[in-house]
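Step one of this worksheet: look at the structure below.
Throughout, protein chains are lettered first and strands after them, A, B, ... in sequence-line order, and every chain is numbered starting at 1. Computed from a predicted model, the values in this text were never measured in an experiment.
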Amino acid sequence: MRKGIYSRVCTHPPVISNAILSSTRSLMAIFVSPHFFTTFATSATLTNSESEQEEEDEEGFNTSCGVIQEKDFLRKTQNGKLHLLDLIDNDRMEPDAALYNKLLNKCTQMSKLKEGRMVHTHFLNSQFKHYQVIQNTVLNMYAKCGSLEEARRVFDEMPTKDMVTWTALITGYSQNDRPEEALVLFPPMLRLDLKPNHFTFSSLLKASAARPSDREGRQIHGFCLKYGYDLNVYVGSALVDMYARCGYMNEAMFVFDGMISKNEVSWNALIAGYARKDEGENAVQLFMEMQRKDFKPTHFTYSSVFTGCASTGALEQGKWVHGHMIKSGLKLIAFVGNTLLDMYAKSGSIEDAKKVFDRLIRRDVVSWNSMLSACAQHGLGKETVERFEEMLRIGVEPNGIAFLCVLTACSHAGLLDKGQYYFELMKKYLVEPDVSHYVTIVDLLGRAGRLDLAERFIKEMPIEPTAAVWGALLGACRMHKNMELGAYAAERVFELDPYDSGPHVLLSNIYASAGRWSDAAKVRKMMRESGVKKEPACSWVEIENVVHLFVANDDAHPQREDIRKMWEEISARIKEIGYVPDTSHVLLFVDQQERETKLQYHSEKLALAFALLNAPPGSTIRIKKNIRVCGDCHTAFKFVSKLLDREIILRDTNRFHHFRGGFCSCGDYW
DNA sequence: AAATCCTGTC
């Protein structure tokens with residue numbers, strides 16, 4: 001869908017970021033219930049998830065419940081201390097069946113497991129203990145409060161189970177990230193001749209969406225059709241989501257288009273699907289379309305659209321969506337705030353990302369991680385470390401991702417000792433390193449030139465090294481021109497992941513820079529024979545709300561002649577101030593002259609020439625690339641930033657490069 | 001008198 005990005009005009013106005021950020025509304029109201037349920041809820045500190053629920057229904061009981069009247073509750077509880085169950089016992093009031101249901105549902109809604117257990121116990125001692133409906137409600141309460149084991153026990157002990165019983169348990173597993181256990185319940189339920197309905201199917205689809213394969217999902221889809229629930233809006237949305245998560249956007253779109261009634265959730269599922277696939281432009285288009293059709297974007301929508309904008313790095317678009325959210329009056333709750341922060345960071349505006357972070361009233365671990373990641377990506381190694389230290393100081397528990405961010409920052413900034421220190425610190429915080437942490441340490445040691453230590457580290461690591469681990473060593477070998485160890489590392493990568501083009505390219509680069517062209521050729525032959533393909537490189541640049549996309553040697557662009565002339569001129573002028581084309585990255589058996597020509601039209605150079613022609617004079621140029629920037633382009637960009645006194649920000653797959661005055665923020669590590 | 005779908009950091 002990259003083609004969709006190509007020179008598409010975005011039909012929205014640009015918005016100035018400072019204006020947006022200064023008016024960013026702050027966060028959610030703290031959830032305070034004026035009713036007796038504050039007492040009922042005990043003195044529990046409210047967790048994030050509860051207090052950030054927007055527009056929480058705080059009603060308590062406003063209707064009379066059988067023999068106990070509302071006024072009885074209010075009178076007894078306004079003096080503060082009396083517990084609900086004490087109230088029932090002490091006053092010897094008998095709740096009726098409906099009251100048990102209401103109490104249980106209130107516990108479910110407020111996620112109060114302990115109180116739920118007490119109501120359950122009380123219910124078991126009542127005359128209604130055989131009521132199936134209430135047993136189902138009990139089951140549901142345990143499942144929703146996350147205690148699947150208790151839910152299961154209720155289920156197992158129920159003498160008769162109806163379809164709701166089964167569905168409630170399926171939903172419980174499905175909502176608590178246990179998709180396999182949800183799915184295995186379906187066949188026995190069918191064998192008992194219980195007819196699934198739209199409740200059952202939406203939960204089953206959610207469970208199958210969490211599975212890596214689309215196999216179960218497609219089967220459930222078949223059952224939906226058979227039982228005639230495919231047109232239900234919940235089932236439809238779940239189907240859209242299931243296909244979208246499995247990566248089948250065409251099928252997701254097909255189901256979506258076939259839905260007779262849609263709601264916001266249906267749109268959100270589709271938009272989230274495109275955002276996950278890095279098709280930000282499609283996400284934004286759908287965001288606009290849903291509003292044309294009178295659907296109101298929710299937090300889910302904004303969250304996904306920001307993620308989409310982050311993927312394309314479309315800063316102006318992202319700002320526009322941000323402005324839209326402010327106007328709509330939705331609050332900046334943590335979930336959305338974190339995606340917003342991430343969007344600004346990934347679009348190249350670390351300043352705006354910091355502003356969002358500063359304006360968040362409550363920061364959860366993901367907010368911190370997003371900020372750490374932003375700093376690390378922008379080459380602010382020292383600041384990443386400082387922020388990480390601050391995070392520890394104020395008592396935010398770092399998780400694996402937090403450590404990964406700080407380790408990456410240390411690696412890129414060449415902070416060898418600090419990196420090793422933080423790796424050790426993981427033990428203290430009881431964070432188990434996964435393979436990505438090991439990769440980063442290999443990278444850290446390797447970049448610092450300690451190839452010997454890196455190799456030993458791999459040999460001694462407690463888990464089996466993956467292709468990525470050896471790949472990190474290979475990258476370091478290329479950087480430090482160690483052919484022998486590089487070839488060894490490459491062999492290991494080929495064994496473990498024969499289809500990745502990266503190591504082949506790296507290895508041939510190592511050979512090429514040593515002038516061993518026949519070895520380089522062998523690697524290329526290997527690539528051809530094993531069917532390994534290098535991902536086509538492309539770069540894009542956003543100018544006045546239009547995203548322009550370039551591929552290497554692009555000769556289809558309307559301005560191709562001007563672009564070519566521009567780069568030739570620039571190229572000549574930077575050569576005068578010291579630029580020497582580095583042709584070792586070009587793996588072609590051609591003479592020097594021709595290799596230089598090939599290099600000239602790498603997509604990022606085309607994008608830069610185009611931006612110099614079309615962007616407002618003196619403005620910062622922001623270019624994105626879908627693979628890592630090549631060494632020659634990196635050098636050329638440094639010279640251009642000096643020659644024209646122009647700031648250039650290049651985003652590649654790993655990080656940002658801020659070019660200014662002849663230097664790059666990455667310090668030539670990348 | 002019960003049960004359902006969509007969001008974040010690597």
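Among the nucleotides B:dA3, B:dC5, B:dC6, the one closest to the side chain of A:N268 is B:dC6. Distances from the side chain of A:T171 to the nucleotides B:dT4, B:dT9, B:dC5 place B:dT4 closest. Taking only side-chain atoms of A:F335, from C-beta outward, the nucleotide of B:dT4, B:dT9, B:dT7 with the closest atom is B:dT7. Here the side chain of A:S303 is nearest to one of B:dA3, B:dA2, B:dT7, namely B:dT7. The side chain of A:V164 has B:dA3 as its nearest neighbour among B:dA3, B:dT4, B:dT9. Here B:dA1 is the nucleotide among B:dA1, B:dC5, B:dT9 with the atom lying nearest to any side-chain atom of A:N101. When each of B:dA3, B:dC6, B:dT9 is scored by its nearest atom to the side-chain atoms of A:N140, the top-ranked nucleotide is B:dA3. Of all nucleotides listed (B:dT9, B:dT7, B:dA3), B:dA3 comes nearest to the side chain of A:M163. Of the listed nucleotides (B:dT9, B:dC5, B:dA2), B:dC5 has the atom at the smallest distance from the side chain of A:S237. Nearest nucleotide to the A:I401 side chain, out of B:dC10, B:dA1, B:dC5: B:dC10.
At a threshold of 4.0 angstrom between heavy atoms, the contacts of A:N232 with the nucleic acid are absent. The residue A:D162 sits close to a base: some heavy atom pair falls under 4.0 Å. Residue contacts shown for A:S436 are absent, as no nucleic acid heavy atom lies under 4.0 Å away. Within the 4.0 angstrom heavy-atom criterion, only backbone atoms of the sugar-phosphate kind lie near A:K144; the bases stay farther away. As judged by a 4.0 angstrom heavy-atom cut-off over every strand, A:T307 is placed among residues touching the sugar-phosphate backbone only.
Checking the phosphate oxygens (OP1, OP2) of B:dT9, no side-chain nitrogen or oxygen of A:Q377 falls inside 4.0 Å. Between A:R655 and B:dC10 there is no side-chain polar atom (N or O) within less than 4.0 angstrom of OP1 or OP2. A:R363 has no side-chain polar atom (N or O) that falls below the 4.0 Å cut-off from OP1 or OP2 of B:dT9. Neither OP1 nor OP2 of B:dA2 sits under 4.0 Å from any side-chain N or O of A:K161. OP1 or OP2 of B:dC10 sits under 4.0 Å from a side-chain N or O of A:S373. Look at A:Q135 and you won't find any side-chain N or O under 4.0 angstrom from OP1 or OP2 of B:dA1. Taking only side-chain nitrogens and oxygens, A:K206 comes nearer than 4.0 Å to OP1 or OP2 of B:dC6. Note on A:Q175: a side-chain N or O is less than 4.0 Å away from OP1 or OP2 of B:dT4.
With salt bridges taken as basic N to acidic carboxylate O contacts below 4.0 Å, one links A:R387 and A:E383.
Judged by the 6.0 Å and 45° rule, A:R218 forms a cation-pi pair with A:Y248. Under a cutoff of 6.0 Å and an axis angle of 45°, A:K195 and A:Y227 do not form a cation-pi pair.
The base of B:dT4 is paired with the side chain of A:S202 by a donor and an acceptor separated by under 3.5 Å. Between the side chain of A:N136 and the base of B:dA2, a donor-acceptor pair under 3.5 Å is found.
Atom CH2 of residue A:W166 and atom OG1 of residue A:T200 lie 11.5 Å apart, to the nearest 0.5 angstrom.
Crowding of A:F295 atom CZ: a count of heavy atoms from other residues, nucleotides or ligands under 6.0 Å exceeding 12.
What separates CG of A:L204 from C1' of B:dA3 is a distance of 12 Å, to the nearest Å. Between the CE atom of A:M242 and the C1' atom of B:dC6 there is a distance of 15 Å, given to the nearest Å. Straight-line distance from the CD atom of A:Q109 to the C1' atom of B:dA3: 15 Å, rounded to whole Å. A:M343 has its CE atom 15 Å from the C1' atom of B:dT7, to the nearest Å. Counting to the nearest Å, the C1' atom of B:dT9 and the CZ atom of A:F306 are 16 Å from each other. Nucleotide B:dC10 holds its P atom 11 Å from the CG atom of A:D278, rounded to whole Å. Taking atom CG of A:D177 as the reference point, atom P of B:dT7 lies 11 Å away to the nearest angstrom. Straight-line distance from the OH atom of A:Y142 to the P atom of B:dA3: 17 Å, rounded to whole Å.
The ring of A:Y234 does not lie on top of the base of B:dC5; it is either too far (5.5 Å or more) or too tilted (30° or more).
Under the 30°/60° scheme for interplanar angles, the aromatic rings of A:H378 and A:F656 are found to lie parallel.
For A:F186, the ring pair (Phe, Tyr, Trp, His ring centres under 6.0 Å) partners at least two apart in sequence or on another chain are A:F223.
For residues 284-312 of chain A, every residue pair satisfying the salt bridge (charged side-chain N to carboxylate O under 4.0 Å, His left out) rule, not counting sequence neighbours, is listed here: A:E289-A:K293.
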